[in-house]
Amino acid sequence: MNTPIVDFIKNYSQGTMKRFHVPGHKGRGEEDFSSLDITEIKGADVLYYEEGILEESQKNASLIFGTGKTLYSTEGSSLAIRAMTALIKMYAEKNGKKPVIAAARNAHKVFITSCALLDIEVDWLFPLSEMPLVSCVIAEAELEAYLKNCSELPVAVYVTSPDYLGNISDIKGLSDVCRKYGVLLAVDNAHGAYLRFLPEDIHPISLGADICCDSAHKTLPVLTGGAYLHISEKAPEYILQNAKKAMALFASTSPSYLILASLDKANEILAGGFRKKIADLSEKISKMKAQLEAYGKRFIGNEPLKITLSAKLFGYSGYEVAEILRKNSIECEFCDKDFTVLMVSPYNTESEINHLLAVLMFMVYRGPIEEAFPVLKAPEKKMPIRDAFFAPSKSIDVSDSLGKILSDVSITCPPAVPVIVCGEVIDAAAIECFKYYGIERINIVDIEEI
């Protein structure tokens with residue numbers, strides 16, 4: 001597999017060209033990577049208007065992922081999510097439909113702010129079983145029942161899979177239902193780029209999704225910010241034709257060529273022996289979990305390369321486990337009161353994995369903590385997302401928010417899944433949930449200013 005972006009940048013950086021163009025360091029910055037940091041000069045192509053090395057590299061990625069079209073993002077899955085929502089809106093209006101998306105409730109905050117910007121209506125799907133805030137696995141039968149009883153079908157169904165805790169939805173089943181009802185299936189696959197390379201390919205595009213995003217940097221050897229927008233070969237032609245337009249709508253006109261080069265280099269790696277590395281690592285992590293379970297540790301989620309400990313079941317909060325790991329030179333991906341999450345890749349060494357196993361193995365069992373995580377039902381919707389987001393607002397203490405209307409999502413990344421959504425009424429259950437996750441102040445619609 002060739003690497004046209006890497007080759008161009010290397011040749012340019014090693015040449016004698018005098019750089020009278022941005023960036024300002026001119027290849028002579030204090031860091032050794034500055035000589036590789038270029039912009040859209042002649043020969044370097046222009047992202048989303050490409051016809052040279054970028055087009056060639058993205059076609060390589062499309063072949064690797066088995067897509068109808070794959071586009072690079074240097075702004076993470078956030079850009080790809082915005083592009084997905086824009087494509088859905090454009091597709092709806094082309095077909096004379098109202099832009100409505102049925103979305104699993106654990107959507108990332110970028111999805112919500114994008115819907116606010118684009119004036120998209122969201123019909124939220126809640127799980128039938130009790131799940132933590134960041135999880136919302138919708139079963140095939142649940143989606144079938146929802147669509148069957150819709151007075152007006154949504155343009156698309158939007159799910160997050162895998163979620164932050166490592167739960168993978170039945171994308172094949174969901175895609176079959178969506179196809180039956182003529183509805184698009186969009187997937188936030190930010191955590192699952194590597195799913196394509198498992199012994200059993202379970203990438204969303206392979207399982208029937210029309211469109212999805214991957215954060216390449218989360219699980220592949222790509223610099224932070226590197227991501228993909230994937231469009232299925234089976235997606236409507238209109239979606240394929242307008243993907244670049246949707247990306248360009250939100251994208252920077254100065255993409256990082258360091259990130260683009262890392263995406264390009266990843267093609268060579270993924271086309272090589274990466275599948276075997278993923279297979280071997282998946283088997284190793286599976287055996288590791290089994291060893292730890294024999295010592296009383298418990299895990300949730302079915303994602304092969306994510307280790308999500310149910311900390312409370314052996315007597316700790318997720319925060320406490322994270323601190324124990326930190327004291328042993330291990331930094332986790334995410335933690336809250338209930339869970340500690342670690343993400344593994346083939347670039348973790350065997351000694352690192354063995355060290356993690358040893359630290360977890362010898363954590364003393366202290367008996368389960370009975371405190372349960374809060375479970376939210378559908379809050380009352382008072383205003384459209386867009387109206388609430390752009391309305392005059394003010395910051396107040398969560399304790400004083402009962403009956404108020406939320407103006408803006410109030411949670412950081414990770415996990416970036418909001419407790420309630422712009423335009424919804426804050427009830428007692430929401431206040432309990434805010435406090436449980438350590439959110440003390442929120443922004444509400446300032447009714448007096450409207």
Side-chain angles (χ1 to χ4, degrees), residues 47-51 54-55 58-73 75-104 107-108 110-111 114-115 117-123 143 147 152-161 169 171-172 174-190 192-193 196 203-216 227-251:
L47 194 57
Y48 312 129
Y49 302 92
E50 64 273 11
E51 54 185 19
L54 294 177
E55 181 178 35
Q58 288 177 144
K59 284 181 177 177
N60 288 341
S62 179
L63 286 171
I64 289 169
F65 283 93
T67 67
K69 186 184 292 291
T70 290
L71 299 177
Y72 291 157
S73 165
E75 299 163 70
S77 280
S78 294
L79 170 58
I81 289 170
R82 295 184 185 103
M84 286 198 292
T85 55
L87 281 168
I88 292 168
K89 181 181 175 71
M90 291 157 63
Y91 182 72
E93 294 186 347
K94 174 188 179 292
N95 290 284
K97 295 182 179 180
K98 185 178 181 182
V100 178
I101 299 176
H108 191 282
V110 168
F111 171 78
S114 182
C115 288
L117 284 169
L118 295 167
D119 199 13
I120 292 174
E121 184 177 326
V122 182
D123 196 4
L143 182 60
L147 293 175
E152 184 177 353
L153 288 171
V155 179
V157 169
Y158 181 97
V159 298
T160 301
S161 174
S169 298
I171 299 300
K172 175 64 168 62
L174 297 180
S175 68
D176 288 345
V177 172
C178 286
R179 191 159 288 110
K180 176 180 175 180
Y181 286 88
V183 173
L184 298 173
L185 177 61
V187 181
D188 175 351
N189 185 55
R196 168 72 171 170
H203 190 274
I205 294 294
S206 304
L207 297 180
D210 293 289
I211 185 169
C212 84
C213 66
D214 293 354
S215 285
Y228 308 105
L229 175 69
H230 298 300
I231 313 291
S232 170
E233 290 179 322
K234 298 178 181 178
E237 186 63 27
Y238 183 85
I239 300 290
L240 285 160
Q241 290 175 349
N242 286 277
K244 290 182 182 180
K245 177 180 177 180
M247 290 287 272
L249 174 65
F250 294 104

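Each residue takes its place number in the sequence, starting with 1. Owing to the predicted nature of the structure, the values given are computational and were not obtained by experimental measurement.
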**Prompt:** Do Lys98 and Glu152 meet the salt-bridge criterion of a basic N to acidic O distance under 4.0 Å?
**Reply:** no

**Complete:** Cys213 and Ile81 have their tightest heavy-atom pair at SG-CG1, 3.9 Å

**Message:** Could you tell me if the side chain of Ile171 sits less than 4.5 Å from the side chain of Ser161, heavy atoms only?
**Reply:** yes

**Message:** With a 4.5 Å cut-off on side-chain heavy atoms, are Ser232 and Ile205 touching?
**Reply:** yes

**Asked** With a 4.5 Å limit on heavy-atom distance, are the side chains of Met84 and Tyr158 in contact?
**Response** yes

**Message:** I need the minimum non-hydrogen distance between Leu153 and Tyr181, along with the two atoms involved.
**Reply:** CD1-O, 3.4 Å

**Prompt:** How about Glu237: does its CD atom have over 12 heavy atoms from other parts shown lying under 6.0 Å from it?
**Reply:** yes

**Complete:** Smallest heavy-atom separation, Ala227 atom then Ser77 atom, equals CB-N, 3.6 Å

**Fill in**
Here the pair of heavy atoms bringing Tyr48 nearest to Ser73 is OH-CA, 3.7 Å

**Identified side chain to side chain contact (heavy atoms under 4.5 Å, CB included) counterpart of Leu229 within the set Ile211, Thr70, Leu79, Asp214** = Ile211

**Message:** What's the separation between atom CG in Leu54 and atom NZ in Lys59, rounded to the nearest 0.5 Å?
**Reply:** 12.5 Å

**Prompt:** For the side chain of Arg82 and the backbone of Leu117, is there at least one donor-acceptor N/O pair under 3.5 Å apart?
**Reply:** no

**Item:** Nearest-0.5 Å distance, OG of residue Ser175 to NZ of residue Lys180
**Value:** 13.5 Å

**Asked** Are Tyr228 and Thr67 close enough that some pair of their side-chain heavy atoms sits under 4.5 Å apart?
**Response** no

**Asked** Is a side-chain donor or acceptor of Glu93 paired with a backbone partner of Pro99 at a separation under 3.5 angstrom?
**Response** no

**Asked** Is the closest side-chain heavy-atom distance between Cys212 and His203 below 4.5 Å?
**Response** yes

**Item:** Close side-chain approach of Gln58 to Leu47, heavy-atom, < 4.5 Å
**Value:** yes

**Message:** Test your reading of the model: is there a side-chain donor-acceptor pair from Asp210 to the backbone of Leu185, 3.5 Å cut-off?
**Reply:** yes

**Asked** Does the side chain of Asp188 reach to within under 4.5 Å of the side chain of His108, using non-hydrogen atoms?
**Response** yes

**Message:** Checking Ser114 against Ile120 for the side-chain contact (heavy atoms from CB on, under 4.5 Å) test, could you report, in this order, the C-alpha distance in whole Å, the side-chain angles of both residues, the deciding distance, and whether it holds?
**Reply:** CA-CA 8 Å; Ser114 182; Ile120 292 174; 5.8 Å; no

**Message:** Which heavy atom of Tyr238 sits nearest to which heavy atom of Lys94, and what is that distance?
**Reply:** CD1-CD, 3.1 Å

**Item:** Atom pair NZ/CD of Lys244 and Glu50 - distance to nearest 0.5 Å
**Value:** 3.5 Å

**Message:** To check you understand the geometry: which heavy-atom pair defines the closest contact between Thr160 and Ala107, and what is its length?
**Reply:** OG1-CA, 4.0 Å

**Request:** Supply the atom-to-atom distance Leu118 CG to Ile88 CD1, rounded to the nearest 0.5 angstrom.
**Result:** 10.0 Å

**Request:** Could you grab the distance from atom NZ of Lys89 to atom NZ of Lys97, nearest 0.5 Å is fine?
**Result:** 15.0 Å

**Prompt:** With distance as the sole test, does Asn189 use its side chain to make a donor-acceptor pair with the main-chain N or O of Gly192 at under 3.5 Å?
**Reply:** yes

**Asked** Does any N or O in the side chain of Arg196 come within less than 3.5 Å of the main-chain N or O of Ile64, such that one atom is a donor and the other an acceptor?
**Response** yes

**Message:** To the closest 0.5 Å, what do you measure between CG (Leu240) and CD (Glu233)?
**Reply:** 8.5 Å

**Request:** For the residue pair Leu184 and Tyr91, establish whether any side-chain heavy-atom pair is separated by less than 4.5 Å.
**Result:** yes

**Item:** From CA spacing to verdict: side-chain contact (heavy atoms from CB on, under 4.5 Å), Val157, Val177
**Value:** CA-CA 10 Å; Val157 169; Val177 172; over 6 Å; no

